[in-house]
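Okay, so here's the structure we're looking at.
The analysis underlying the following values was restricted to heavy atoms, covering all of them including side chains, and did not include hydrogens, waters or symmetry mates.
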Amino acid sequence: MSLHSFSLSLLLSSLSSALSKSTITSHEASLRRKHLDQVYVQLIVSGLHKCRYLVIKFVNACLHFGDVNYAHKAFCEVSEPDIPLWNAIIKGYAQKNIVGGPIRMYMDMQISQVHPNCFTFLYVLKACGGTSVELGKQIHGHTFKYGFGSNVFVQNSLVSMYAKFGQTSSARIVFDKLHDRTVVSWTSIISGYVQNGDPMEALKVFKEMRQCNVKPDWIALVSVMTAYTDVEDMGQGKSIHGLVTKLGLEFEPDIVISLTTMYAKRGLVEVARFFFDRMEKPNLILWNAMISGYAKNGYGEEAIKLFREMISKNIRVDSITMRSAILAGAQVGSLELATWLDGYISKSEYRDDTFVNTALVDMYAKCGSIYLARCVFDRVANKDVVLWSAMIMGYGLHGHGQEAIRLYNEMKQAGVSPNDGTFIGLLTACKNSGLVKEGWELFHQMPNHGIEPHHQHYSCIVDLLGRAGYLNQAYDFIMSMPIKPGVTVWGALLSACKIHREVRLGEIAAQQLFILDPYNTGHYVQLSNLYASAHLWTHVANVRLMMTQKGLNKDLGHSSIEINGSLETFHVGDRSHPRSKEIFEELDRLEKRLKAAGYVPHMESVLHDLNHEEIEETLCNHSERLAVAYGIVSTAPGTTLRITKNLRACVNCHSAIKIISKLVDREIIIRDAKRFHHFKDGVCSCGDFW
DNA sequence: GTAGGGTTAG
């Protein structure tokens with residue numbers, strides 16, 4: 001080997017190993033890419049681009065970047081590739097999930113009459129995982145033909161290939177025939193069961209593995225922890241944690257990811273954060289696990305804080321980070337934050353990513369701007385069914401029923417077929433706009449599209465019929481359901497009964513809810529309010545007693561409003577705000593103007609055990625009113641107020657805010673637990689349906 | 001040079 005080729009070889013090795021570092025900044029990545037270009041030029045200039053040994057190294061270096069085309073170009077320069085070079089290029093295609101690529105190269109290899117070795121099969125079988133079972137079986141045959149029928153490496157790959165096809169029974173047959181099972185064989189079958197939604201079987205196999213005295217390594221434990229996460233068995237999950245510690249693997253970066261994910265998925269975000277913080281340099285997946293853990297469990301602001309930290313530290317983010325951050329933005333509900341996220345993304349490489357844009361549409365809709373949601377929707381070139389559905393759902397949340405249906409028709413004209421999510425959006429739109437006939441018809445069109453309704457669709461219909469006052473029809477509909485009605489379905493009936501003061505059916509719904517979901521405070525409050533609206537005070541007292549016996553307290557309402565980038569949260573009668581004096585003065589002024597305008601609150605629907613003055617006091621101090629008053633005193637006249645409330649809008653506040661919107665001449669947008677209300681000129685966009 | 005795992009919109 002000449003001195004030049006030796007130095008190039010060293011250079012390529014260092015380049016590849018440097019690239020495998022887990023967390024690199026985008027700046028570092030671009031520098032290294034330039035480096036790769038320079039090396040290739042040197043290879044060509046020195047005529048060494050035909051040297052198989054160096055080309056393998058170069059191909060590997062390219063593949064670290066995912067630059068398969070570059071690798072392929074280098075490969076083609078070699079006139080008679082040997083097995084290692086074929087393997088390198090097949091491996092590269094397989095790693096990058098290029099559909100058909102590895103298989104095509106494998107075929108080319110056979111045409112060139114180069115015999116595959118066991119390495120070849122590892123890569124080809126990995127690539128088969130995403131294609132057809134028939135092809136997989138064919139390659140399975142080849143492994144025997146070329147003498148690898150009992151090679152444990154090749155057989156392990158077969159186990160995971162069959163698992164990826166969803167054929168766990170075939171995977172199990174291969175696994176059962178294996179004589180010398182390694183920890184990898186066990187992990188392959190365990191993760192196969194996890195991937196195919198059978199965590200119980202996975203855990204059974206793990207127990208067997210332990211009985212066979214096979215010591216689990218960190219990858220095995222990662223699979224097992226996923227299984228525990230899926231069976232929702234936290235007690236057992238903790239014992240795995242114990243095993244991890246015993247084996248001294250608790251600082252293994254990928255184990256930390258699994259622990260973080262396992263605890264975050266349970267909502268134990270503080271525990272998850274403990275593991276995250278223990279890592280000096282968390283990798284991208286760990287950042288993502290923590291951010292999405294926060295976002296999914298209602299800790300939107302924490303998620304955003306972490307996302308901003310990543311950016312300020314110049315850590316590379318990917319589309320999953322973006323989606324998790326956007327999900328968090330949707331939860332926080334601040335339009336200011338939403339536009340910041342959108343602005344950040346429009347300057348990033350993910351600006352055309354359909355998944356990211358779908359999340360943006362959803363976020364804008366949930367942050368109260370259906371207009372901006374539509375702007376994002378319109379700028380996406382290739383709209384898939386999920387994007388259309390997100391936009392339809394956005395209109396639904398805002399009660400723009402007709403607009404949702406119009407968009408649905410447009411979607412069909414564009415040749416996109418609806419899926420179950422599309423119908424959830426449509427039915428939500430109909431129920432939020434009181435479009436009973438349209439919703440009913442759409443529901444019955446679902447089978448024409450080959451879609452079977454599930455719980456959410458059924459509960460939309462119950463809601464749709466119930467709110468319109470067709471309570472008996474809603475009940476008959478529930479009785480005729482082909483699947484067992486669940487919490488959402490009975491919950492929809494109960495809240496409709498509350499609106500229409502239908503005690504008999506309401507009690508039936510509540511009974512079911514107390515069985516299915518006994519610790520949800522909301523159901524008890526609904527039933528109590530239903531009794532109060534019918535003046536059945538003894539019944540109200542009984543429900544309250546049931547709640548006390550079960551140790552349940554009424555959920556406290558709170559509302560947030562963002563002013564100049566700072567999010568302020570108010571509770572009932574909250575006097576902790578620094579500008580509290582001004583806020584209550586404004587509330588007083590509003591109260592007087594409301595009375596002058598003829599506003600009288602409904603007393604029946606609130607807690608019965610308060611006296612008249614207390615009721616009125618509580619009503620005026622509800623969290624949404626405090627947020628409105630604060631918005632009025634701290635923004636310029638005419639500014640739109642955007643408020644988020646954790647519970648459903650209260651009937652009295654709803655009617656009061658309608659009038660307030662006219663009195664102060666402002667648009668007030670409130671996102672409650674279920675939908676949006678746009679108050680303007682004395683009316684609300686929900687048309688009093690909610 | 002060997003395989004197995006983890007984050008994932010509606």
Side-chain angles (χ1 to χ4, degrees), chain A residues 16 56-57 59-60 83-85 87-88 91 94 117-123 125-126 148 151-161 163-164 171 175 181-192 194-195 202 216-227 229 252-262 264-265 282-293 295-296 317-327 330 350 353-363 365-366 384-394 396 418-425 428 456:
Chain A
S16 291
I56 288 177
K57 287 210 157 199
V59 163
N60 283 333
I83 300 182
L85 186 51
N87 286 348
K91 181 184 177 187
N117 65 9
C118 69
F119 295 103
T120 321
F121 281 115
L122 301 185
Y123 312 136
L125 289 170
K126 189 187 167 95
F148 300 105
N151 178 299
V152 68
F153 290 99
V154 174
Q155 296 304 306
N156 288 345
S157 299
L158 278 166
V159 171
S160 47
M161 178 193 79
K164 289 211 172 69
F175 175 79
R181 293 173 191 157
T182 63
V183 63
V184 178
S185 324
W186 288 96
T187 310
S188 302
I189 190 74
I190 289 172
S191 73
V194 176
Q195 284 160 12
D217 63 2
W218 59 271
I219 300 184
L221 290 172
V222 164
S223 301
V224 174
M225 274 195 266
T226 318
T229 309
E252 181 64 48
D254 298 297
I255 285 278
V256 176
I257 293 170
S258 293
L259 285 167
T260 308
T261 310
M262 187 169 79
K265 277 194 180 164
N283 69 12
L284 179 60
I285 297 174
L286 185 54
W287 281 100
N288 287 352
M290 196 62 236
I291 294 175
S292 81
K296 281 191 198 152
V317 298
D318 68 359
S319 88
I320 295 176
T321 328
M322 294 289 186
R323 281 184 256 165
S324 305
I326 299 168
L327 184 66
Y350 301 103
D353 182 312
T354 309
F355 280 31
V356 168
N357 280 306
T358 306
L360 280 177
V361 167
D362 176 62
M363 175 186 72
K366 286 184 179 150
D384 71 354
V385 61
V386 188
L387 180 69
W388 285 97
S389 306
M391 193 64 228
I392 290 170
M393 183 55 129
N419 67 8
D420 61 334
T422 320
F423 279 94
I424 292 172
T428 303
Q456 268 180 289

Among [options], which nucleotide has an atom closest to any side-chain atom of [X]?
X         : options                : result
Phe355(A) : dG1(B), dA9(B), dG4(B) : dA9(B)
Ser258(A) : dT7(B), dG6(B), dT2(B) : dG6(B)
Ser223(A) : dG5(B), dT8(B), dT7(B) : dG5(B)
Ala289(A) : dT7(B), dA9(B), dG6(B) : dT7(B)
Asn156(A) : dG1(B), dA3(B), dG4(B) : dA3(B)

Does a side-chain N or O of [X] approach OP1 or OP2 of [N] to a distance below 4.0 Å, or not?
X         : N      : answer
Lys126(A) : dG4(B) : yes
Thr182(A) : dA3(B) : no
Gln195(A) : dG4(B) : no
Ser191(A) : dG5(B) : yes
Thr226(A) : dG5(B) : no

Item to check | Partners passing ring pair (Phe, Tyr, Trp, His ring centres under 6.0 Å) against Tyr350(A) (at least two apart in sequence or in another chain) | outcome: none
Checklist entry - Stacking check: are the rings of Phe153(A) and dT2(B) less than 5.5 Å apart at their centres and under 30 degrees in tilt? => result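 Stacked: centres under 5.5 Å apart, planes under 30°.
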Item to check | Stacking check Trp218(A) vs dG5(B) (5.5 Å / 30 deg) | outcome: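 Aromatic stack with dG5(B) absent for Trp218(A).
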Next on the checklist: Using the side-chain hydrogen bond (donor to acceptor under 3.5 Å, both in side chains) criterion, which residues pair with Thr358(A)? Sequence neighbours excluded.
Outcome noted: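 Testing Thr358(A) for side-chain hydrogen bond (donor to acceptor under 3.5 Å, both in side chains), a comparison that skips the adjacent residues, returns none.
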